[in-house]
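We name chains A, B, ... by the order of the sequence lines, and we start the count at 1 in each one.
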Protein chains: 2
Amino acid sequence: MSSVHSNDDAFSPRQREVLDAVLRLMVEEGDRFSVARVARAASCSKETLYKWFGDRDGLLGATVRWQASRVRVGDYDSGRLNASQLREKLEEFAVNWLSVIASPTSLALNRVAIGQAGSGNSRLGDIVLANGRLAVAARLKPLLDAGRAAGHLSFDHTEEAFRTFLGLVGRDVQIRLLLGDEPSLDKKTIAADAKRAAQQFLALFGTEKSGITETGKAAASRLSAN
Amino acid sequence: MSSVHSNDDAFSPRQREVLDAVLRLMVEEGDRFSVARVARAASCSKETLYKWFGDRDGLLGATVRWQASRVRVGDYDSGRLNASQLREKLEEFAVNWLSVIASPTSLALNRVAIGQAGSGNSRLGDIVLANGRLAVAARLKPLLDAGRAAGHLSFDHTEEAFRTFLGLVGRDVQIRLLLGDEPSLDKKTIAADAKRAAQQFLALFGTEKSGITETGKAAASRLSAN
DNA sequence: CATGTACCGTACCGTACGGTACAGCGTCAA
DNA sequence: TTGACGCTGTACCGTACGGTACGGTACATG
């Protein structure tokens with residue numbers, strides 16, 4: 001299925017140490033990232049870096065894949081679910097997603113990948129996308145399908161419903177964070193945003209029968225107070 | 001009113017030529033942007049660039065402000081409007097917004113600003129934000145308020161309704177484009193997306209009285225077929 | 001004509017980067 | 001003990017960058 005990146009990713013413990021140092025450097029030093037700095041920060045020789053990762057891009061790619069490999073989370077097995085369970089899981093997803101895109105590591109990696117995407121062809125952006133958007137899609141879409149199968153949701157294309165959910169959850173948060181804006185995103189705000197997004201999503205795609213949309217507009221309006 | 005950036009922006013014709021060359025270079029050469037390249041592309045000496053803009057960051061800032069100054073568009077005076085006019089204007093906004101964030105110029109500027117935001121402090125991100133998000137907010141919020149005043153819309157906080165609209169319109173398009181993904185965004189797709197977003201927005205925030213939400217869920221589902 | 005100004009093209013300087021080469025050090029196996 | 005191996009630290013190379021300086025040219029003003 002997946003897989004944009006040929007994923008063996010069998011990094012040795014020492015290599016993992018180095019890649020963690022790269023991540024730390026990206027987060028803390030932002031743009032002032034260089035191979036020499038990585039070597040110094042990780043107490044590692046440049047020659048070893050080049051032997052292991054080939055070149056600068058290889059190091060970046062390995063770092064992104066390393067981070068991707070450890071974000072992988074549980075299955076959220078969505079067997080039989082009733083309406084309130086569905087809402088709960090949607091909120092859970094929204095909280096998870098907002099937490100991820102607001103995390104310093106995610107922001108740093110996205111900044112690097114975006115910078116790379118500007119010049120020439122590299123598949124860094126693809127890897128980040130596969131780790132972020134596609135990973136959450138792989139977990140959320142089964143939930144949406146299960147919700148539809150149980151009669152709680154109504155939509156024609158899972159992808160479209162999924163993208164609308166992403167839009168309702170994230171809105172313009174990620175791009176603002178990437179640009180250095182700091183919309184306060186503490187845990188309280190994230191929880192409230194998740195609640196609102198789930199409410200709005202159910203108002204749009206919930207079925208009448210499940211009573212899930214009943215308080216739709218009123219509640220959505222109320223929740224948007226934040 | 002506006003203004004994050006102290007806006008005199010009285011660029012001479014020759015300076016405007018140079019700044020256009022910078023934009024062209026950003027779009028075409030992506031990341032391989034340098035002062036020497038700008039000078040060559042614009043048939044202009046580096047010394048002049050430094051005299052005019054101070055340093056590299058000044059040149060970047062001037063370029064962003066120059067682009068911002070000419071995106072400024074009409075008022076969309078939203079006096080009395082009926083339900084169908086409201087929907088029409090919402091779609092118009094959505095088309096405009098999607099066209100902007102998908103344009104090569106916007107993508108290039110956002111990439112530069114995001115790269116800058118990673119390292120140290122510069123207000124480039126603020127300027128881009130002020131040009132993009134805040135500019136469209138300044139035009140859209142009066143429309144939303146007018147729609148509420150006319151009884152067609154119902155929400156407590158204009159900012160929240162506005163952000164939800166942005167989310168419904170843009171979804172994950174901008175970040176995907178920034179990362180080098182290419183979700184096909186021809187004029188047909190943009191028009192369809194705008195229609196869907198307006199439909200969903202009205203389903204969430206429209207009042208029953210105006211009959212604007214009547215076909216809400218059904219139509220939203222149908223439109224999501226793309 | 002003389003003078004000043006604004007600009008172009010190019011040469012130049014110091015620095016930092018990506019990438020390579022090499023010397024030294026610990027480890028482990030024969 | 002010896003040698004192969006993997007690693008660190010550092011020196012080094014070529015290049016490209018940001019920023020400055022200088023010579024040359026067009027033009028405007030007196």
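Relative to the side chain of B:Thr48, the nucleotides D:dT20, C:dC7, D:dC22 differ in distance, and C:dC7 lies closest. For B:Arg56, counting side-chain heavy atoms from C-beta on, the closest listed nucleotide (D:dG9, C:dG9, D:dG19) is D:dG19. Distance from the side chain of A:Tyr50 is smallest to C:dT20 among C:dT20, D:dA21, D:dG19.
At whole-Å resolution of the value, CG in A:Leu59 and P in C:dC17 are 14 Å apart. Rounded to an integer number of Å, the gap from B:Arg14 CZ to C:dT5 C1' is 17 Å. Rounded to an integer number of Å, the gap from CD of B:Glu47 to P of D:dT25 is 17 Å. Nucleotide C:dA16 holds its P atom 17 Å from the CZ atom of A:Phe33, rounded to whole Å. As a whole-Å value, the separation of A:Asp55 CG from C:dC17 P is 17 Å. Here D:dC17 presents its P atom at 20 Å from CZ of A:Arg32, a figure rounded to the nearest Å. When the C1' atom of D:dC22 is taken as reference, atom NZ of B:Lys51 falls 13 Å away, rounded to whole Å. Between B:Glu17 atom CD and C:dA6 atom P there is a gap of 18 Å when expressed in whole angstrom units.
Within the 4.0 angstrom heavy-atom criterion, base atoms lie near B:Lys46. Heavy atoms of A:Ser34 sit under 4.0 angstrom from primed sugar atoms or phosphate atoms, though from no base atom.
Summary of the strand contacts: A:Ala42 and B:Val35 both lie near DNA chain D, and taking for each the nucleotide with the nearest heavy atom, the more 5' one is attributed to A:Ala42.
Neither OP1 nor OP2 of D:dG18 sits under 4.0 Å from any side-chain N or O of B:Arg37. Considering only side-chain N and O atoms, A:Trp52 lies nowhere under 4.0 angstrom from the phosphate OP1 or OP2 of D:dG6.
For the residue pair B:Leu98 and B:Ala194, the shortest heavy atom distance occurs at CD1-N, 4.4 Å. Nearest heavy atom pair, residue B:Arg56 against residue B:Tyr50, reads N-CE2, 4.3 Å.
For A:Glu159 and B:Arg171, the salt-bridge test fails: no basic side-chain N is under 4.0 Å from an acidic carboxylate O.
For the residue pair B:Asp193/B:Thr189, the side-chain donor-acceptor check at 3.5 Å is not satisfied.
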side-chain contact (heavy atoms from CB on, under 4.5 Å) assessment of B:Arg139 paired with B:Asn96: CA-CA 12 Å; B:Arg139 292 187 295 133; B:Asn96 199 314; 4.2 Å; yes
